[in-house]
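One structure is given below, encoded as structure tokens.
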2 protein chains.
Amino acid sequence: MAPRVSEDYKNRKRLELLRAAKQVFMEKGYTRTTMQDILDEAGVSRGALYAYFDNIEHVYRELLRHEDEKELHFFDPDDTRTAWRQLRNWIQKQQQEIEAIEHSLLLANSEFFLSTHAQPENESRRYLTARYQRITDAIVDFIEKGTARQEFQPRLPAESIALYLVSFIDGLMLDTFHLGMEKTNVHAQIDALLFSLKEMLCPADEAKSL
Amino acid sequence: MAPRVSEDYKNRKRLELLRAAKQVFMEKGYTRTTMQDILDEAGVSRGALYAYFDNIEHVYRELLRHEDEKELHFFDPDDTRTAWRQLRNWIQKQQQEIEAIEHSLLLANSEFFLSTHAQPENESRRYLTARYQRITDAIVDFIEKGTARQEFQPRLPAESIALYLVSFIDGLMLDTFHLGMEKTNVHAQIDALLFSLKEMLCPADEAKSL
DNA sequence: TTGAAAAACGACACTATTGTCGTTTATAAT
DNA sequence: ATTATAAACGACAATAGTGTCGTTTTTCAA
């Protein structure tokens with residue numbers, strides 16, 4: 001027999017639960033958030049929430065997936081701008097995210113990443129590994145395409161540059177989160193990053209000196 | 001009347017408790033470790049442990065303090081080596097720590113840092129802030145001394161370079177912890193870091209190209 | 001030795017959270 | 001309207017950890 005409510009209804013409900021979850025996770029991070037918090041925020045019962053998600057790890061995993069889908073296409077080819085400009089643009093977006101760090105999922109994300117480390121082989125771990133691979137691959141690809149078009153003349157392997165870039169951003173986010181933007185001086189650090197990348201990539205459309 | 005046991009006795013007991021705590025924190029991280037775990041590992045009773053520490057946050061804070069004391073003097077002046085060599089040395093030490101990451105306090109540290117973010121003004125937060133300041137100040141100082149001795153000719157402010165260096169190391173540690181050394185390719189990233197620092201600092205005793 | 005005081009013990013009351021499950025309510029096909 | 005079925009509810013048992021405190025043990029000065 002046909003289901004009693006439409007797929008669409010269930011989908012909307014699911015999204016509403018994820019919205020509530022996101023709200024709570026932004027405020028409290030991952031570790032301190034409970035299922036109770038989420039169901040309170042969503043205004044549903046325990047049973048309703050558990051009908052959609054097995055446990056809190058499951059909720060967070062699905063939220064992350066949902067958020068990632070929005071983000072995905074930043075390194076797609078874009079012929080209206082030079083590669084270097086596009087890269088600077090991405091970095092600027094990261095900077096903005098860092099500067100709005102208190103209203104982001106960064107705390108929750110970090111805690112979630114760390115929490116997965118306990119469990120050996122796990123849906124969440126697999127997803128996070130694939131996620132890292134996805135972003136670094138996209139950057140490598142981007143650098144290689146830029147190189148083929150002679151927009152970059154990299155002085156290090158593309159992979160090294162990509163991994164390096166990601167590590168730095170991750171570190172800056174984390175430190176800024178702990179210590180606040182004043183102490184970490186985000187602006188100065190972004191300058192240093194751009195300086196480094198320029199030396200590594202030798203973009204055609206920039207004078208060599210800062 | 002004189003205390004029933006010597007200061008020395010209490011001190012040794014305290015250190016033994018911290019040793020046990022370190023063991024557990026290395027295995028389980030901060031979040032999942034309980035007072036029970038620590039008192040089991042130390043082979044003492046609940047009451048004994050609580051006589052020395054108020055709660056788990058207190059235990060961790062004291063452990064961190066104790067560990068930091070060992071580390072403190074890496075950027076002290078050292079006339080037997082060039083400044084650039086000394087810096088490379090420090091980076092090499094960080095690399096070794098990253099490569100032994102499963103047997104370190106990194107997971108626990110990260111979780112502890114994140115956990116403090118909830119509490120507004122707090123002994124642990126103060127300590128962590130001072131700790132960051134201490135390391136970045138030491139590096140700034142080191143760069144400025146090297147510059148005064150004409151061993152460096154920095155092309156960016158010393159503070160930017162110092163903060164940048166710390167962010168990168170923090171990010172690399174974290175990512176490597178999540179994903180393992182193979183995925184993050186620590187060696188390649190350290191190369192990229194050295195490349196960047198060379199461009200930023202222009203050390204006198206190095207050929208300009210890698 | 002002895003005994004006062006500190007150290008160590010561990011049972012316990014309390015709190016927080018989880019996931020389940022029997023019950024009630026809402027939905028839509030007939 | 002009726003009714004089969006799924007969705008939503010929320011009380012509850014189970015689990016796990018915390019910090020306290022009355023009791024026991026150990027230590028060492030006298």
Requested in this report: Indicate, with a heavy-atom threshold strictly under 4.0 Å, whether A:Phe53 touches base, sugar-phosphate, or nothing.
Outcome: nothing
Given atom [atom1] of [X] and atom [atom2] of [N], what is their separation to the nearest angstrom?
X       : N      : atom1 : atom2 : value
A:Asn55 : D:dA14 : CG    : P     : 21 Å
A:Arg46 : C:dT17 : CZ    : C1'   : 7 Å
B:Gln36 : D:dT15 : CD    : P     : 17 Å
B:Lys13 : D:dT26 : NZ    : C1'   : 11 Å
A:Leu49 : C:dT17 : CG    : P     : 15 Å
A:Arg12 : D:dA7  : CZ    : C1'   : 14 Å
B:Leu39 : C:dA7  : CG    : P     : 18 Å
B:Glu16 : C:dA7  : CD    : C1'   : 16 Å

Query raised in the report: B:Gln86 side chain to B:Asp76 main-chain N or O, any donor-acceptor pair under 3.5 Å?
Result: yes
Query raised in the report: Would A:Thr136 and A:Leu165 count as a side chain to side chain contact (heavy atoms under 4.5 Å, CB included) if you check the C-alpha gap in whole Å, the side-chain angles of each, and the deciding distance to 0.1 Å?
Result: CA-CA 9 Å; A:Thr136 53; A:Leu165 173 58; over 6 Å; no
Query raised in the report: Quick one: which of C:dA8, C:dT18, D:dC9 gets closest to the side chain of B:Tyr52?
Result: C:dA8
Compare side-chain N and O positions of [X] against OP1 and OP2 of [N] and report whether any pair is under 4.0 Å apart.
X       : N     : value
A:Ser45 : D:dC9 : yes
A:Tyr50 : D:dA7 : no
A:Lys10 : D:dA7 : yes
B:Tyr9  : C:dA8 : yes

Report task. May I ask you to decide whether B:Arg65 forms a salt bridge with B:Asp68, counting only side-chain N to carboxylate O separations under 4.0 Å? Result -> no
Query - Charged N-O contact under 4.0 Å between A:Lys13 and A:Glu16 - result: no
Query raised in the report: Of B:Ala51 and A:Thr33, whose closest DNA chain C nucleotide lies nearer the 5' terminus?
Result: B:Ala51
Report task. Give a yes or no on whether the ring-centroid distance for B:Phe168 and A:Phe168 is below 6.0 angstrom. Result -> no
